[in-house]
Amino acid sequence: MWDVSVIDCPSNFDVKSHAMSDDNSRYNAAEVEPRWQAVWEKGDIYRADDSSDKPKFYALEMFPYPSGRIHMGHVRNYAMGDVVARYKKAQGFEVLHPMGWDSFGMPAENAAIATGGHPKDWTYGNIDAMKAPMRRLGFALDWSREFATSDEAYYKQQQAIFLKFWDKGLVYRKTAKVNWDPVDNTVLANEQVIDGKGWRSGAVVEQRDMDQWFFKITHYAEELLEGLDTLDRWPEKVRTMQANWIGKSEGLQMRFEWADGDKTFGEDTYTGTEVFTTRPDTLYGASFIAFSPDHPIIKALAEENSKIEDFRIACAKIGTTEEAIATADKLGFDTGLRVKHPFDENKTLPVWIANFVLMGYGTGAIFGCPAHDQRDFDFAKKYDLPILPVVQPHEGGDERVELEEAYTGEGTLINSGFLNGLSKDAGISSAISKIEEMDLGKGVTNYRLRDWGVSRQRYWGCPIPVIKCAACGPQPVDEADLPVQLPYEDIDLTIPGNPLDRHPTFKTGTKDNPVTCPKCGAAAERETDTLDTFADSSWYFARFAGGQGNGLPSDKPFDKEIASDWLPVDQYVGGVEHAVLHLLYARFFTRGLRDCGLLDLPSGEPFAGLFTQGMVTHAVFTDEDGGFVMPADVIEDGNQLLHIESRKIVSKGEVIKMSKSKKNVVDPDEIIEGYGADVARWFVLSDSPPERDVEWTESGVIGAWRFSKKVWSLVSESEKMDPMSVASDASGDALELRRFAHKAMEKITAGIESFRFNTSVAQIYELTNALKKYKANDSAKAEALGILIRAIAPFMPHLSEECWSHLGGQGLCYHAPWPVIDPAMLVEDEVTLPIQVNGKRRSELTAPKAISKEEAEKIALSDEAVQRSLDGLTVRKVIVVPGRIINIVAS
RNA sequence: GCGGGCGUGGUGGAAUUGGUAGACACGCAAGACUUAAAAUCUUGUUCCUGUAUAGGAGUGCCGGUUCGAUUCCGGCCGCCCGCACCA
């Protein structure tokens with residue numbers, strides 16, 4: 001089978017001819033769309049009014065990185081948000097729908113290296129280049145609040161927030177093992193490591209010890225977790241992912257004391273070793289203690305014992321990818337040390353070092369209970385350690401049979417002294433109480449979530465407003481001295497390493513103006529790392545909201561009152577790839593801003609409603625030599641595909657996300673030029689459910705384009721009529737049309753409300769088809785047409801304005817209220833009931849809605865087709881569900 | 001391995017308290033208009049029973065609950081996504 005998208009498109013097909021028709025009877029998007037855009041712009045109709053009395057609605061799409069081009073993914077993303085924004089406007093809400101640029105980041109540096117330019121010039125050039133196509137798509141955006149995160153005014157306020165967070169104890173510095181991306185030459189946060197690889201570069205991430213700035217996101221671990229339950233307009237999937245990421249577990253942190261008294265490792269003396277466990281009920285089954293190779297005690301031991309150092313090195317060699325670590329064989333080293341068992345004075349346990357124990361979780365040490373933990377089991381098998389079952393499965397089972405794997409299920413405790421006979425849960429709480437009584441530990445809650453490392457060794461980001469003094473340590477820059485400006489001159493990105501660190505003046509200042517410690521005044525050095533760009537996108541929505549529409553504040557991040565009025569964002573739309581990155585960081589930031597008194601947002605939740613949309617995909621084309629070919633360069637010739645210039649035979653491959661590297665991209669600009677913005681918008685919303693991927697096909701676009709023409713012909717052939725008409729006195733065919741229109745409108749509205757735009761689209765098609773068949777030019781037609789045009793408006797705003805104005809509608813369609821559905825039109829007085837015999841449909845009956853069960857049963861049984869299928873059978877039962885169905889049970 | 005989601009015509013997909021499976025669209029086929037094509041319009045289009053105003057099968061597979069299951073329950077199979085030695 002050949003790709004329909006190509007076959008359908010004749011080789012001499014000229015897309016420009018569609019929109020540029022000079023035939024007046026045809027809809028000419030190329031002429032119509034800019035004309036309306038000019039009207040909207042002149043009227044400044046999308047500016048949100050902060051002081052409006054109307055109920056507010058904040059619609060937002062994840063703002064773009066200015067890569068230089070708008071792609072179809074953007075079109076789909078913003079089209080969805082635009083549908084919601086326009087719909088809510090028509091529903092009578094005061095709508096805020098802003099747009100800006102997430103403009104710091106690595107691609108600008110890479111582009112600068114590649115082209116010899118400057119990241120700033122590249123970035124702002126791209127923003128200029130992207131604005132025009134964005135405007136051509138006709139989104140209802142309030143551009144008055146636009147900004148870029150790389151604007152000095154923005155990052156200055158971000159530095160101020162950083163300092164406020166510092167004051168509040170939400171920022172700290174420490175040396176830690178960090179994820180190092182060797183390609184981007186920078187540190188990554190845990191959330192930015194995907195499958196052991198950098199989220200942007202794809203390079204295998206290494207572990208390095210480095211001095212880093214951290215945001216204390218763990219301070220809000222519990223609140224971030226609990227808040228998820230309140231986000232009932234978020235996808236379940238995203239909430240689950242965040243909950244898993246936070247990874248709460250409750251258990252016991254306790255100390256195993258050394259068998260032979262206190263010990264000193266390095267400079268510290270320990271009475272024992274701290275472990276964390278979620279299964280204190282299995283303490284009697286403990287057969288060893290295991291340390292992480294990175295545990296401070298082990299590090300100290302390694303300095304004196306070369307065998308331990310060798311073992312640490314062996315563990316480090318396994319690999320740095322998460323998967324390699326997860327699937328590596330269990331490795332252990334017996335330190336010879338022993339600890340006391342807390343419940344059994346006569347028992348001591350050996351202390352091992354084990355490669356599967358993570359330093360980053362719990363205390364970096366565990367007690368091993370091989371019978372009831374698979375990892376401990378594998379380890380015990382390998383090193384011949386005792387395996388003592390202490391949980392008896394409820395259903396039979398003999399504890400003396402040798403286990404083949406760990407048993408982790410419910411059961412009754414055995415071999416466990418005072419815990420014998422208890423269930424798992426009762427055992428856990430008993431064991432915790434006992435340990436607390438013995439003063440060896442206490443019940444604790446642990447989280448998998450780690451603090452957010454935000455230092456990046458890159459140039460194109462927000463400078464961290466800190467001065468490092470040899471005497472006083474790191475000091476915050478005085479607020480009056482903000483912003484710490486990112487230098488434009490003398491930036492060399494071509495050598496690896498931190499560009500700001502080797503800048504001639506940034507770090508230490510100039511002779512006349514040296515960098516000095518804000519505390520003691522001595523010569524000092526500026527912090528040369530920049531903030532993770534995810535910080536930039538963690539509060540931009542608040543600046544949009546608190547920007548007052550007439551300019552962005554220069555003395556504060558946002559106006560507290562106004563921002564707090566608009567927030568939370570009522571509907572946020574973006575890609576699911578940010579499920580635990582941006583969406584978690586933003587939830588942290590709003591809590592920090594709240595607790596610093598900058599934002600009045602008690603819940604701390606920035607986004608009340610979230611929708612994660614699917615991607616735009618396209619088939620990949622390859623030529624004979626295996627090179628990728630742009631879809632626009634492929635033509636159909638006979639029954640084969642050819643490259644338009646080289647005439648090489650092209651084959652169609654898999655359908656995947658549009659990407660530059662595979663060349664399976666369609667340029668929105670070309671589509672706008674060829675078919676119009678409305679068609680592009682309509683197509684990306686029409687075919688697939690919004691959360692799923694949509695495959696871009698030429699035939700699909702042509703279908704959307706045909707539909708736009710169909711609507712126009714319907715309107716242009718019609719006489720002038722008031723699109724706000726209500727034909728309340730309609731009868732006969734007119735009444736039927738009216739019913740149809742109101743029923744369709746109800747479904748269209750429900751579709752928009754529940755983000756099932758494809759079903760709204762289907763209903764719009766049906767209403768259009770019904771109108772096409774309706775020939776009279778009466779008030780029922782006027783009403784139905786008016787409904788149709790307003791239903792289309794959120795999807796195809798230009799076409800709807802043109803239709804509205806052509807019919808003689810008052811004002812702009814954008815300002816027209818959403819059609820009011822007449823409930824009487826949704827109720828049929830006649831219904832058609834299917835008649836089933838033994839669950840199989842045999843006939844149907846049309847009757848007044850109010851027909852009695854008895855009457856319906858009587859008619860059904862006397863139906864000819866029913867009689868035929870009942871031949872030879874006895875009726876046992878007749879089920880009549882009023883308004884639904886009749887089922888006759890016979891045997 | 002753990003967690004979550006999804007399997008419906010040639011294709012995208014409808015069917016949200018269990019009630020006519022396949023709406024709507026794409027594609028395809030036939031026809032009208034046309035010198036011809038494009039565009040447009042009309043009709044048909046789940047599969048099988050050579051004909052259909054008739055019958056049978058049918059929502060990944062097997063079973064269950066029910067008058068009735070795409071929908072609820074149990075067990076398989078396949079695909080996708082997320083997490084991944086988290087104690």
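Numbered from 1 within each chain, the chains take letters A, B, ... in sequence-line order.
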Nearest-nucleotide pick for A:Thr832, side chain only, options being B:A87, B:G19, B:U20: B:U20

Anti or syn - B:G31, cut at 90° from 0: anti

By nearest-nucleotide position on RNA chain B, the 5'-leaning member of A:Arg450 and A:Asn838 is A:Asn838

Complement of B:C61, any strand, by Watson-Crick or G-U distances under 3.5 angstrom: B:G75

Does B:A32 have a Watson-Crick or wobble mate here (both distances under 3.5 Å), and if so which one? B:U40

Any N/O pairs under 3.5 Å between the protein and nucleotides 11-15 of chain B? List them or say none.
residue	atom	partner	partner atom	Å
B:G12	O2'	A:Asp687	O	3.3
B:G12	O2'	A:Ser688	OG	3.1
B:G13	O3'	A:Asn758	ND2	3.4
B:A14	OP1	A:Asn758	ND2	3.2
B:A15	OP1	A:Arg756	NH2	2.7

Closest of B:C41, B:A23, B:A87 to the A:Asp373 side chain is B:A87

Protein-nucleotide distance (A:Asn887, atom CG; B:C67, atom C1'), rounded to Å: 5 Å

Could you check whether A:Lys743 pairs with A:Glu746 (Lys NZ or Arg NE/NH1/NH2 to Asp/Glu carboxylate O, under 4.0 Å)? no

Using a cut-off of strictly less than 4.0 Å, decide whether A:Thr697 has a side-chain nitrogen or oxygen near OP1 or OP2 of B:C26. no

Flag if over 12 foreign heavy atoms under 6.0 Å of NZ, A:Lys382: yes

With A:Trp352, the ring pair (Phe, Tyr, Trp, His ring centres under 6.0 Å) member among A:Phe367, A:Phe379, A:Phe311: A:Phe379

Integer angstrom distance from the C1' of B:G9 to that of B:U59: 10 Å

Nucleotide of B:C41, B:A39, B:A84 approaching A:Lys710 most closely (side-chain heavy atoms): B:C41

Hey, can you tell me if A:Trp682 and A:Phe707 have their rings parallel, tilted or perpendicular (30° and 60° cut-offs)? parallel

Between B:C41, B:C86, B:G19, which nucleotide gets closest to the side-chain atoms of A:Arg884? B:G19

Using heavy-atom distances to pick each residue's nearest nucleotide on RNA chain B, tell me which of A:Gly360 and A:Gly839 is more 5'. A:Gly839

Closer than 4.0 Å, any side-chain N/O of A:Arg706 to the OP1 or OP2 of B:U40? yes

Quick one: A:Ile428 CD1 to B:A87 P, roughly how many Å, whole number? 12 Å

What is the distance from CD1 of A:Ile702 to C1' of B:C26, rounded to the nearest Å? 11 Å

Taking the same atom, C1', in B:C48 and in B:C67, what whole-Å distance lies between them? 28 Å

Distance check needed: B:U16 P versus A:Lys747 NZ, whole Å only. 11 Å

Among B:G68, B:C24, B:G3, which is the nearest nucleotide to the side chain of A:Asn769? B:C24

Nearest to side-chain heavy atoms of A:Ile879, which nucleotide of B:C86, B:G19, B:C24: B:G19

Taking a pair as Watson-Crick or G-U wobble with both distances under 3.5 Å, which nucleotide is matched to B:G27? B:U45

With a cut-off of less than 4.0 Å, is there a side-chain N or O of A:Arg448 near OP1 or OP2 of B:A87? no

Can you say whether a donor on the side chain of A:Lys330 sits under 3.5 Å from an acceptor on the base of B:C85, or the other way round? yes

Rounded to the nearest angstrom, tell me the gap between atom CD in A:Glu236 and atom P in B:G5. 8 Å

Parallel under 30°, tilted from 30 to 60°, perpendicular over 60°: which one fits the rings of A:Trp712 and A:Tyr27? tilted

Kindly check if the number of other-residue, nucleotide or ligand heavy atoms within 6.0 Å of CD (A:Glu864) is above 12? no

From the list B:A23, B:C86, B:G3, which nucleotide is the closest neighbour of the side chain of A:Leu358? B:C86

Report the relative orientation of the aromatic rings in A:His295 and A:Phe291; use parallel for angles under 30°, tilted for 30 to 60°, perpendicular for over 60°. perpendicular

With both distances under 3.5 Å as the test, what is the Watson-Crick or G-U wobble partner of B:C67? B:G19

A:Asp294: which residues meet the salt bridge (Lys or Arg N to Asp or Glu O under 4.0 Å) condition with it, sequence neighbours left out? A:Lys177, A:Arg312

Here the distance between atom P of B:C81 and atom CD1 of A:Ile656, to the nearest Å, is 12 Å

To the nearest angstrom, the CZ-P distance between A:Arg279 and B:C85 comes to 20 Å

Going 5' to 3' along nucleotides 52-59 of chain B, which nucleotides have protein heavy atoms under 4.0 Å from the base (write B), which only from the sugar-phosphate (write S), and which from neither (write -)? --SSSS--

Among the candidates B:C83, B:A23, B:U20, find the nucleotide nearest to the side-chain atoms of A:Glu766. B:A23

Kindly confirm or rule out a cation-pi arrangement of A:Lys330 over A:Phe356, judged by NZ or CZ under 6.0 Å from the six-membered ring centre and within 45° of its axis? yes

When you measure from the side chain of A:Tyr765, which nucleotide among B:C24, B:C81, B:U40 comes out closest? B:C24

Can you tell me how far C1' in B:U35 sits from the matching atom in B:C28, rounded to whole Å? 27 Å

Choosing from B:C81, B:A39, B:G82, which nucleotide comes nearest the side chain of A:Met241? B:G82

Expressed in angstrom and rounded to an integer, what is the separation of A:Gln374 atom CD from B:C86 atom P? 11 Å

Any strand: nucleotide that pairs with B:G82 via Watson-Crick or wobble, under 3.5 Å: B:C2

Looking for any heavy atom pair under 4.0 Å, which part of the strands does A:Val889 touch: base, sugar-phosphate only, or nothing? sugar-phosphate

